[in-house]
Amino acid sequence: MRNLTKRPKPVVLAENEVNWLSDYLSDLSNTTNKYRYRHRDIKSELKIETSDKCVYCESKIGYNTPGDVEHKVPSSVNRNLHFTWNNLTIACTECNRRKNNYFDDTCMFLDPYVDNVESCLEHHGPVVTSRIGNNKAEVTVAILQFCSEDRIALVKRKIAKMQELQHVLERYNSTDQGALREVLLRQLRDMASIRCEYSAMVRSALQLKGYSEVIES
Ligand SMILES: [Zn+2]
């Protein structure tokens, strides 16, 4: 999970959110009204905002899921936030399904747009844990079950990323050709950048191995 910045509200949402909310609240059973937040302009902006990744597990949208528009505060808890831009993000089906309608105002879910999530979580290879004493992180990790047996596809994909990282690092360390080292350094920086899958894990591994200097600030 990476810290994120909210982009400007899409025009289609700014122009329609009041009417859309009114229509939705007037007839909760009407699915056309309910799913207007799935408008392609809204989804497209959310995908730019999250670098085309699930906001929680950092899997690329499209890898195992078309990506679900996610309500940070579930609509079942506050229907008035159903079309509120700051309440919308994007998650893979696996994370979305696990978070489901979780909401507890005494122990909130981690919010990558508000919380410094990068300092709340620890990465041990593909295993994600919360920092001791951080209740938000603990509940988030427990609910999303990043390392559970039924998320083995995610764990395997993260292990493959770690193997790729190790391979690039070995080549980087073993070559004395300046041009090739530069190419490999760019590759390492790219893997650690927010654009790439599981970049929080990659950054953590690079820091642990003593390569902090290759990580983009
Ligand atoms: Zn996910």
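As the structure lists them, so they are numbered: ligands from 1, and atoms in each ligand from 1.
Judged by distance alone, the side chains of Thr84 and Asn86 never bring a donor and an acceptor atom under 3.5 Å apart.
Taking a cut-off of 2.8 Å, the protein N, O or S atoms nearer than that to the Zn ion (ligand 1) are Cys54 SG, Cys57 SG, Cys92 SG, Cys95 SG.
The salt bridge (Lys or Arg N to Asp or Glu O under 4.0 Å) test with Glu197 singles out one residue from Arg2, Arg157, Lys161, Lys158, and that residue is Arg157. Checking each of Glu45, Glu49, Glu15, Glu17 against Lys9 for a salt bridge (Lys or Arg N to Asp or Glu O under 4.0 Å) leaves exactly one that passes, namely Glu17.
Heavy atoms only, all atoms of each residue included: Asn134 and Ala137 are closest at OD1-N, 2.9 Å.
The aromatic ring centroids of Tyr198 and His123 lie 6.0 Å or more from each other. If you look at Tyr56 and Phe109, their ring centroids are closer than 6.0 Å.
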